[in-house]
Protein chains: 2
Amino acid sequence: MARTTGSHSDITGPRVRAAALTLFAQYGFAAVSMRQIAREVGVQAGALYNYTPDKQSLLFDLMNAHMSELLETRADLPPTDTPLDALEAFTRFHIRFHSERPEEVFIAYMELRNLSAENFEKVERLRRTYENQLEDILRAGIANESFKVADPKLTTMAVIAMLTGVNTWFRQGGRLSLEEVEQIYWDMVRQAVGA
Amino acid sequence: MARTTGSHSDITGPRVRAAALTLFAQYGFAAVSMRQIAREVGVQAGALYNYTPDKQSLLFDLMNAHMSELLETRADLPPTDTPLDALEAFTRFHIRFHSERPEEVFIAYMELRNLSAENFEKVERLRRTYENQLEDILRAGIANESFKVADPKLTTMAVIAMLTGVNTWFRQGGRLSLEEVEQIYWDMVRQAVGA
DNA sequence: GTCTATATGAAGATAGAC
DNA sequence: GTCTATCTTCATATAGAC
């Protein structure tokens, strides 16, 4: 994979981000050096600075892209008729989207403290936007009396923690298919909100 | 806080661990240097090596002590009569124990990948022991038909993720007391297992 | 038990040649 | 756009004096 010299900006940029993604997820941002990323890409460390002003921006770009894609992908889902349908769609979407991107999800959660203050703010804003979408669904279901929820903010956090937790143990080709996991979690969420 | 010289092994050892705990929780194991820990304790970096053979052992000791205390504290709880009582006791214990130790909990989850292979195995064994206690409760409730649970292993992971998630947002003196949070989570867990 | 000093290596980032 | 070389700082860990 090592290259000698030449012009590869179209391809090298994405490869730098891909290498950083995998290495950050495996060893953690602080434990990964620019030299390690460069080795994975097949360039010298200095060359990385053609694609990122510094290591911090590399981390932020990964997290920002992930959160933005989360919001965009969800915005493209078909609309639903009832709060119950909306909650089911949210549950299944969350599990599916996150299970397809284990490295991004891991980094987005584990490396928050390694963001600069201003980058942290930006990522947090996106995360809160996503959480508010679930909270709105819960409030709609409370309003039309299809859910029995004592505190929608708290239930929002509980449901998201529960669903994101799937990533810590789910493996493709394991005992249960993703379809089965989705169904069982949806049953639990539905019962938890008293629907 | 800086000291010149003298004999302080009784007090310095715990202070080294306390400093490491706080710093690891705040900045992450890989981002914290032995010099930083020493500065916090008020000694020179070399002196730390009277209390730990290396940085890795410092991390392992913190995580191992935390997991051991989790199991010991739970073992001291009074016995329960029914699976429903046992599940309620587990839920309330988990929230309470973890909310009292936010730094230890954060490290125990975030720094697993920075453990050596053999230290990781030891910590993982303790964690699985704890998870199995919840799984046993769920199986007992399924057996006597007080719970409706499709898959006890999966529900174990879901409940633990949900409960541990409290630590990401709960703050003493916030909108809800810990008592209220406990009660609302217990309602959700009870409903989620169909009891 | 703690200090100072140091061995040894690696980190992030930049400069200038090609 | 990538290379080699380097600046500057910092890391873990150890040695030996007190």
Side-chain angles (χ1 to χ4, degrees), chain A residues 1-21 23-24 26-63 107 111 113-119, chain B residues 1-24 26-62 107 111 113-119:
Chain A
M1 272 299 167
R3 295 191 165 275
T4 49
T5 187
S7 175
H8 304 283
S9 81
D10 293 1
I11 179 96
T12 307
R15 292 187 61 221
V16 169
R17 283 186 287 280
L21 178 77
L23 288 170
F24 290 168
Q26 183 161 12
Y27 302 108
F29 174 75
V32 171
S33 69
M34 295 297 271
R35 284 171 173 81
Q36 255 180 291
I37 297 170
R39 195 182 319 131
E40 185 82 9
V41 174
V43 297
Q44 290 301 311
L48 296 180
Y49 291 87
N50 291 312
Y51 302 98
T52 180
D54 50 30
K55 197 184 168 192
Q56 165 71 205
S57 301
L58 206 41
L59 176 62
F60 172 69
D61 286 349
L62 293 174
M63 295 180 61
I107 290 173
E111 304 297 352
R113 65 183 162 193
N114 285 310
L115 289 174
S116 70
E118 85 187 310
N119 285 341
Chain B
M1 272 301 163
R3 294 190 166 277
T4 49
T5 185
S7 176
H8 304 284
S9 81
D10 294 0
I11 180 96
T12 308
R15 293 188 61 221
V16 169
R17 284 186 287 279
L21 178 76
T22 299
L23 289 170
F24 289 168
Q26 184 163 10
Y27 303 109
F29 173 76
V32 172
S33 70
M34 295 297 271
R35 281 173 173 78
Q36 259 180 288
I37 297 170
R39 195 182 318 131
E40 186 83 8
V41 173
V43 297
Q44 292 299 312
L48 296 180
Y49 292 88
N50 290 312
Y51 303 98
T52 179
D54 50 30
K55 197 182 167 193
Q56 165 72 207
S57 302
L58 205 42
L59 176 61
F60 172 69
D61 286 349
L62 293 174
I107 290 172
E111 304 297 353
R113 65 181 163 196
N114 285 311
L115 289 174
S116 69
E118 86 188 307
N119 285 342

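Model, not experiment: these values are computed from the prediction. By convention in this document, chain letters (A, B, ...) are assigned in the order of the sequence lines, proteins followed by strands, and residues within each chain are numbered from 1.
- Shown here are the side-chain hydrogen bond (donor to acceptor under 3.5 Å, both in side chains) partners of B:N50, two or more places apart in sequence or in another chain: there are none.
- For A:A31, the side-chain contact (heavy atoms from CB on, under 4.5 Å) partners two or more places apart in sequence, or in a different chain, are A:Y27, B:A30.
- The side-chain hydrogen bond (donor to acceptor under 3.5 Å, both in side chains) test applied to A:Q56 returns A:N119, not counting sequence neighbours.
- Residues that satisfy the salt bridge (Lys or Arg N to Asp or Glu O under 4.0 Å) test with A:R113, not counting sequence neighbours, are B:E111.
- Residues passing the side-chain hydrogen bond (donor to acceptor under 3.5 Å, both in side chains) test with A:S33: none are found, sequence neighbours excluded.
- Residues satisfying the side-chain contact (heavy atoms from CB on, under 4.5 Å) criterion with A:A18, sequence neighbours excluded, are absent altogether.
- In this structure, CD of A:Q44 is placed 18 Å from P of C:dA15, rounded to the nearest angstrom.
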Table of protein N/O atoms under 3.5 Å from nucleotides 14-16 of chain D N/O atoms:
none

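- Separating the CG atom of A:L48 from the P atom of C:dT14 is a distance of 13 Å, rounded to the nearest angstrom.
- The CD-P distance, from B:Q56 to D:dA11, rounds to 18 Å in whole Å.
- Of the residues in residues 26-34 of chain B, none has a non-hydrogen atom less than 4.0 angstrom from any atom of DNA chain C.
- With rounding to whole Å, B:K55 atom NZ is found 8 Å from D:dA13 atom P.
- Comparing the axis of the opening five pairs of the helix from C:dG1-D:dC18 to C:dC18-D:dG1 with that of the closing five pairs yields an angle of 0°, rounded to 10°.
- Note: OH (A:Y51) to P (C:dA13) measures 17 Å, nearest angstrom.
- Residues A:L58 and A:F29 fail the side-chain proximity criterion, which asks for heavy atoms closer than 4.5 Å.
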Inset, instruction - Test B:R39 against B:L23 for side chain to side chain contact (heavy atoms under 4.5 Å, CB included), laying out the working first. - result: CA-CA 11 Å; B:R39 195 182 318 131; B:L23 289 170; over 6 Å; no
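- Between A:T12 and D:dG1 there is no side-chain polar atom (N or O) within less than 4.0 angstrom of OP1 or OP2.
- If you measure from atom CZ of A:R39 to atom P of C:dA11, you get 8 Å, rounded to the nearest angstrom.
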Inset, instruction - List the steps, then state whether side chain to side chain contact (heavy atoms under 4.5 Å, CB included) holds for A:I37 with A:M34. - result: CA-CA 5 Å; A:I37 297 170; A:M34 295 297 271; 4.3 Å; yes
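- Using a 4.5 Å heavy-atom cutoff, the side chains of B:Y51 and B:R17 are not in contact.
- Partners of B:T22 according to the side-chain contact (heavy atoms from CB on, under 4.5 Å) rule, which considers only residues two or more places apart in sequence or in another chain, are B:E103.
- Regarding A:L59, its CG atom lies at a distance of 13 Å from the P atom of C:dG12, rounded to whole Å.
- Protein atom CG of A:D54 is 14 Å distant from nucleotide atom C1' of C:dA11, rounded to whole Å.
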